[in-house]
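The structure appears below as structure tokens.
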Amino acid sequence: MVSRPVRAASFATGLPADADYLLLQHEVEQLLYLEARLLDDWNLDEWLTLYTPDARYVVPTTDLPEGDPQCDLVFIDDDRDRMAARVRRLQSRYAHREYPSSRTRRFISNVMVTAVDGDEIEATAAVAVWRFRAGESAPYVGRYDVRLRRVDGRLRLCGKRAILDHETLSDHGALSVIF
Amino acid sequence: MDVGSLVYDRPDLGKFRVHRFALVSPEIYELERRRIFDRCWLYLGHESEVPEPGDYARRVVAERPLFFARNRDGGLAVFHNTCPHRGALVCRTDRGNAHVFRCFYHAWTFDTSGALINVPDIDGYGPDFDRGQMGLRSPRFDSYRGFVFVCFDPETEPLRDYLAGAAEYLDLVADQAAGGMRVVPGSNRYTIKANWKLLAENSIDGYHLLPTHQTFFDYLSRAAGAGGRDMATLGNRQGFGRSLGNGHGVMENDAVYGRPIAMWHPCYGEEARAEIQSIKDELIARHGLDRAVRMCEKSRNLVIFPNLIINDIMAVTIRVFQPTGPAAMDVTAWELAPAGEGGARLRRRLDAFLTFLGPGGFATPDDTEALESCQQGFHSGGIEWSDLSRGLQREPRGNDELQMRCFWRRWQSLLAGTPHVEQYERGLPPGAVPKATPSPS
Ligand code: FES
Ligand SMILES: [Fe+2]
């Protein structure tokens, strides 16, 4: 029988699975859970504060999950200003697909820190967003690839690429919530 | 319900109504499949999607699986996606490049022109087996300026005749770049739980723009800052709707946003001004002032009967919708860009699309909501007819409903099997070219 070291290196990063690593893993998870909670609560102003001023939020199309917003058509390619405009729109009562607001519940799992490069951290997570409205229910299922950075001691998101697993938005008709 | 009386068309009384039975009934949907979708030219795809020999893309058109390919000689081929042997789908991926198409079931193999080139253990079929008769089958197809259409009825007129006045509007898109236009990778695919004809109406409905898409215009004026246009003046923009013959229609309006070709807007930033002016200058040199200004500064929402929309607005889009029942349709939309365009120009164009369009845009989700809302409302009863009489008694403006009435008149005559009488009301006849007022810049 082969004996294995008790404290295996983290699979994705090769970093030693020491206390710092476990703390970082915990911190990343908690930030993603907080984001999910704020979005589910429609606390969108607070949600924006989780992102750095240079943040980018991208959702590729379902038929081109590897899509690059520089040269391909994507669903969403927001800088921080347009993220704020998106929030403003959703809060306006005139984003008709979301007024009255849908009820959502976000499930985040399979969180893995995949790289640590200087002060920038990369992580990935599986996500399911259940959305209920007007007699319909449908989940958005996919993956987050996020980049994070510490600002004034607190971990913040500086990039999120949210990749849908669906072939088409056949059950949803739109991507009207923040995914 | 008599299918010939679903459209109440009385311009003399100022009345035009559509019976809501036309929008909810499964029987009507079945009739539409046979009398409209089995007869009309239907958009399949764009030639730029299959540029190289062996490139292919698959589609579902009017519930029929099809695929198209560039064959070894550079020609375009369109196939029914079903194996001549016993039926399996031959093309089972959305796009790619192939030397041959092999059916996975019993491994019959076809070349990119559809010829059957290999049958495992062909001896089992005996000496009379004619491989030449067993290739992939093609529907009737033709292409106009890169837009590829199919037709399942041999009697229907040729594509160019079918397009009538809509052809000139396809020219206005195709001529925007000397090297032609291409479909950008990535598409919008979503389902709307509403009758397909509501999306035809919505796509050429200028009346809903301000009330429904208030948040888009709010975003635009904020993003533009002090240089932005006063949104209160939007209602005064000049425009008109017109019939293009055969049920096709368009609304053509002053653009109230930037256009990557080639109308600057504060959203693009000062640094884009000179480049956009140079695109405009180049178009003026190529097309003359009138046509170039029209290309640059007017927005056009075009319906090609029955289910193709070309929006030449803050972005150039192809949108096609396939009904799957009386209250559901699958929508696919693509963006067009000049072939070879890259860098900041392409980024500006891609970004302009996202502000308004697509499932994550600041406007399209609200259209989806509006259509589904209408579909639900139809079941309330109490009201039998929808009203489309707006502008019936004046020169048709861009936010009137003339272009929808053209659609419905064609729909009615095809469904009832009555002769189609073109009725242009007022305004421009289908063949005429509108005159643009050149701007000083
Ligand atoms: S069904 Fe295609 S080879 Fe048999
Ligand atoms: Fe709209």
Side-chain angles (χ1 to χ4, degrees), chain A residues 56-79 81-102 131 133-136 138 140 162-164 166-179, chain B residues 57 94-95 183-194 211-220 222-223 315 317 324 328-337 341-344 346-347 349-351 353-355 357-373 376:
Chain A
R56 202 95 192 171
Y57 167 47
V58 172
V59 183
T61 60
T62 51
D63 68 328
L64 196 67
E66 70 278 18
D68 171 2
Q70 302 286 312
C71 52
D72 302 320
L73 182 65
V74 296
F75 284 152
I76 293 175
D77 176 27
D78 284 359
D79 60 9
D81 284 348
R82 195 145 73 211
M83 290 168 74
R86 191 173 293 279
V87 165
R88 197 187 148 74
R89 173 174 134 81
L90 286 168
Q91 289 171 336
S92 72
R93 297 187 167 207
Y94 300 106
H96 309 290
R97 192 72 173 169
E98 288 298 332
Y99 187 77
S101 309
S102 54
R131 177 179 179 273
R133 186 174 173 278
E136 305 273 348
Y140 294 101
I163 301 148
L164 291 155
H166 307 264
E167 292 179 288
T168 74
L169 293 177
S170 56
D171 294 328
H172 319 81
L175 186 59
S176 52
V177 295
I178 292 164
F179 170 62
Chain B
D94 283 341
R95 58 183 180 269
V183 167
V184 175
S187 64
N188 297 168
R189 301 179 187 200
Y190 53 102
T191 297
I192 304 179
K193 294 177 182 112
T212 301
H213 302 309
Q214 190 175 330
T215 62
F216 167 74
F217 290 106
D218 178 58
Y219 163 74
L220 205 61
R222 277 167 191 279
T317 76
T324 55
M329 68 185 119
D330 292 335
V331 184
T332 307
W334 296 268
E335 179 165 18
L336 283 170
E341 184 182 72
L346 179 61
R347 284 203 298 278
R349 177 182 299 279
L350 292 167
D351 199 68
F353 184 103
L354 300 184
T355 57
L357 293 157
F362 282 14
T364 299
D366 298 326
D367 288 315
T368 302
E369 181 73 4
L371 271 46
E372 294 187 355
S373 181
Q376 289 163 26

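Letters A, B, ... mirror the listed sequences (proteins, then strands); counts begin at 1.
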Q: Pick one of side chain, backbone, both or neither for A:P69, based on which atoms fall under 4.5 Å of a heavy atom in chain B.
A: backbone
Q) Which region of A:R88, side chain (C-beta onward) or backbone (N, CA, C, O), has a non-hydrogen atom less than 4.5 Å from a non-hydrogen atom of chain B, or is it both or neither? A) side chain
Q) What parts of residues 171-179 of chain A touch chain B if we use heavy atoms and a cut-off under 4.5 Å? A) A:D171, A:G173, A:A174, A:L175, A:S176
Q) Does A:T168 have any side chain to side chain contact (heavy atoms under 4.5 Å, CB included) partners at least two apart in sequence or in another chain, and if so, which? A) A:S170, B:R189
Q | Option that, when pairs with chain B are counted at under 4.5 Å, heavy atom only, ranks first among A:G67, A:S92, A:C71, A:P60 | A | A:C71
Q) Any salt bridge (charged side-chain N to carboxylate O under 4.0 Å, His left out) pairs touching residues 89-101 of chain A, not counting sequence neighbours? A) A:R89-B:D366, A:R97-B:E369, A:R97-B:E372, A:E98-A:R131
Q.
Can a donor-acceptor pair be found, under 3.5 Å and without considering hydrogens, that links the side chain of A:H166 to the backbone of A:L164?
A. no
Q) Does the side chain of A:H96 pick up a donor-acceptor pair with the side chain of B:D367 at under 3.5 Å? A) no
Q. For chain B, which of A:T61, A:V74, A:I76, A:L73 has the most heavy-atom pairs under 4.5 Å?
A. A:L73
Q: Name the option with the most non-hydrogen atom pairs under 4.5 Å to chain A; the candidates are B:T212, B:V331, B:T364.
A: B:T212
Q | Pair A:R86 + A:D78: basic N to acidic O under 4.0 Å | A | yes
Q) Checking A:D72 side chain against A:D68 main chain: does a donor-acceptor pair fall under 3.5 Å? A) yes
(Q) Tell me which of these, B:G358, B:P365, B:S187, has more heavy-atom pairs under 4.5 Å with chain A than the rest. (A) B:S187
(Q) Let's test your reading of the structure: which of B:R347, B:R349, B:E341 forms the most heavy-atom pairs below 4.5 Å with chain A? (A) B:R347
Q) Do A:D63 and A:E167 come close enough that some side-chain heavy atom pair is under 4.5 Å? A) no
Q.
So for B:D330, is it side chain, backbone, both, or neither that comes closer than 4.5 Å to the heavy atoms of chain A?
A. neither
Q: List in chain and number order the residues that pass side chain to side chain contact (heavy atoms under 4.5 Å, CB included) with A:Q91, two or more places apart in sequence or in another chain; answer none if no residue qualifies.
A: A:L44, A:D45, A:V87
Q | Residue selection (most heavy-atom pairs with chain A, distance under 4.5 Å) from B:E335, B:K193, B:R222 | A | B:R222
Q: With a 4.5 angstrom heavy-atom cut-off, could you sort out which part of B:L350 is near chain A: side chain, backbone, both or neither?
A: side chain
Q. What are the two closest non-hydrogen atoms of B:A337 and B:L346, and how far apart are they?
A. CB-CD1, 4.0 Å
(Q) Taking every non-hydrogen pair under 4.5 Å, which of B:Y219, B:F362, B:Y190 racks up the most with chain A? (A) B:F362
(Q) Would you say that A:Y99 contacts A:L90 through its side chain, given a criterion of any heavy-atom pair below 4.5 Å between the two side chains? (A) no
Q | Minimum side-chain heavy-atom gap B:T191-A:L169 below 4.5 Å | A | no
